[in-house]
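Given the structure is predicted, the values throughout are model-derived calculations rather than measurements.
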Amino acid sequence: MTERPAGYHALTVDEERRGDFDTRFMRINVGPQHPSTHGVLRLVVDLDGERIVRISPQIGYLHTGFEKTMEHRTYQQVITYTNRMDYVHSFAHDLAYVLSAEKLMEARVPERAQRVRVILTELNRIASHLVFLGTGILDMGALTLFFYTMREREQLLDIFESVTGVRMNFGYFRVGGLYRDVPESFEHDVRAFLAGFPKMLDQYATMFMKNDIFVNRTKGVGVIPRERALEYGLTGPSLRASGVPLDFRKAEPYSGYEEYAFEVPTSEEGDAFARFEMRFREMTQCLRIVEQALDRLEPGPVQDPDRRISLPPRSELETSMEAVIFHFKLVTEGFHPPRGVSYVATESARGELGYYLVSDGGSMPYRVKVRVPSLINLQSLELACVGGLFADMVVNIATLDPVMGDVDK
Amino acid sequence: MDPLWVTLIKAFVLCLVLLGAFAYMTLIERRILGRMQHRHGPNRTGPFGLLQPIADAIKSVFKEDIIVTNADKVVYVMAPMISIIFALSAFGAIPGGPAGSLFGFNPWVVDLDIGVLYVLAVTSVGVYGIFLGGWASNSKYALLGSLRSSAQIISYELGLGLSVLSVIMIAGTLNLREIVEVGVWTVSPWLWPPLAVAFVAFVISAIAEVNRTPFDLPEAEQEIVAGYLTEYSGIKWALYQMSEYVNMMTAAAFISTLFLGGYRGPYVLERLIPGSSEWPIIWLVLKMAIFMFLFIWLRATLPRFRYDQLMRFGWLYLFEVALAATLLTGAVIAFVL
């Protein structure tokens, strides 16, 4: 599939200037400002007619130096940055980070906090897949589904707003628990969403899964075979579309995912249609998880009572000198994890996501390395696109679902 | 035949009407799309957004008119004009009512004996506007768009031409007014199946001919930015938009005239109010409105075809279906009637 035609080689600048080059191929620059590169992805594409001969993603337009900045922030402050990478599935980044930091600190997160984290992360996963569905089909020229998915996403964002105070870049999880407890309306709102959403999913299905033009545009397009997907380190729904049932919620359960019954949908085809279908079916599983977590949500504390990590309650500050000292230490310099490293693999809407933290015993991480799914999944773009048509490239970008903040960090 | 000055005035009035209709079609389209997509559409400028087209027009006229540095300037400026001139001229042959029904005037600009050929020919010349525009822009996206457009129009011209043949064979004339007067559906019930097939094939080809969803590849935003329109701005861009909408209206009027009795009113209503089917303009406009709504509805519903799928659809299905309809019509005329 990735075979290049005989006699083909990438042009040097000199060759291009002299005009001494093969005119069979046209080099076209897609992005960083282009309607369907999902952000600031730039692709240099060589075309033979409308067929793609070579494709090379150029990234870094959104590079923000998050990893380096994190080395100069205390462990709790880092959370401000984590959710800004993948702004579509923010809670996944927050969760991945706090899990890793909690592993360093050996914190014990109360059950209620665990459940709320799972509910929010799964709801956010649905919101992320809704953006995927809407924009994915928008890339094929169908306008309407986008507005429908945004309507449902709005309902989710309202829930997130009532919980965290913001609609984006939540920063609600803390090392050791949550920033605060969820509001009283939370359970009611989530149940309302759970009741209404399956009907919407059926509506989406009639709008695209059963639409002949959509099926023709995606079936057999951008096939990534199982072996190549594994070689390229593809993870997440895109990997499961190629027939590998790897889901870190099942493979290495965290945050109590082992307690919930859910399935990991897989498909053998590995084409764009399968990638659409995986995310579509995954939404139903998210609903199942949320429902179970909500049923088991008991009242209780949402912060680890360990004074090394969490602030003491306000009432104690007036009576206990100890509490004032702990409060002072936490506010001024944060906590000090022991020397060591930690990594927890989690499943974001896009694939394997983990924070590799190195602690030198100080109050700030010595090194942070984020294993972001979008960046690594984006490598497979070449596999999917070369040999296909220019119009398929758009479908392939959409189905690999990169978020540029997640790619460039 | 009208005297020359009458024809000239009618042509002028028709152009004004078409351009006014274009302006309000954009508003209607955006409002209908809004309704279908769970949002409002433009409703702030004047009551129900009625002043929106005027605001848009003022904006397009006063916008900076950019001519790309490396563009072929003459062709670049001419291309949108070619588009709009041919789009406007095509409509002239379409009759709006029976002879002398519009205050004693004939409700058409010209009454051509080869009206069908004229409309087909002039609408397909319009593709030069798109092709030259894309070529002259000296931009790769525009080039891809214009290539797609040419390939598409060549493939769909065939289906379009072939499906008209059934109507021509039944009516025995190429004059659009006479086709309406014959009333193709009233000739014989045996002709209904081939006519129905030809009708469907014609509608599909016509959508492809005017570059609307799901055949809007030349300006496929998500792939090639805006296709041949990429480098155009201001009034030149507006001219292209105008020609797209005028082409839509021509296509709608052409379909109505060929297959749906054009300016004739419904039979049932004629029984209730005698003479109602002789009213000029109104019936044609109502029939056109149905197709305009169909075009908008499709745009809200369907994804876009891929280039190769579109070609395959045109050559393998539409062409064959139209051919079958033509042969069937011929067989019915030869052996049954």
Before accepting this row, confirm whether a basic side-chain N of the pair B:Glu29/B:Arg299 lies closer than 4.0 Å to the acidic partner's carboxylate O.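 A salt bridge is present here (some side-chain N lies under 4.0 Å from a carboxylate O).
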Less than 4.0 Å between a side-chain N and a carboxylate O, is that true for A:Lys219 and A:Asp271?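 No, no charged N to carboxylate O under 4.0 Å.
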Counting only heavy atoms closer than 4.5 Å, note whether [X] contacts chain B via side chain, backbone, both or neither.
X	value
A:Val395	neither
A:Asp212	neither
A:Asn211	side chain
A:Leu145	neither
A:Tyr148	side chain
A:Ile28	both

Can you list every salt bridge (Lys or Arg N to Asp or Glu O under 4.0 Å) pair that touches residues 393-406 of chain A, not counting sequence neighbours?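 Checked against salt bridge (Lys or Arg N to Asp or Glu O under 4.0 Å) - neighbours excluded - the pairs reaching residues 393-406 of chain A are A:Arg279-A:Asp401, A:Arg350-A:Asp401.
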Could you give all pairs that pass the salt bridge (Lys or Arg N to Asp or Glu O under 4.0 Å) test and reach residues 37-56 of chain B, with sequence neighbours left out?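 Sorted result for residues 37-56 of chain B: B:Arg30-B:Asp56.
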Around atom OH of A:Tyr87, are there more than 12 heavy atoms from other residues, nucleotides or ligands closer than 6.0 Å?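 Yes, the 6.0 Å shell around OH holds more than 12 heavy atoms from other groups.
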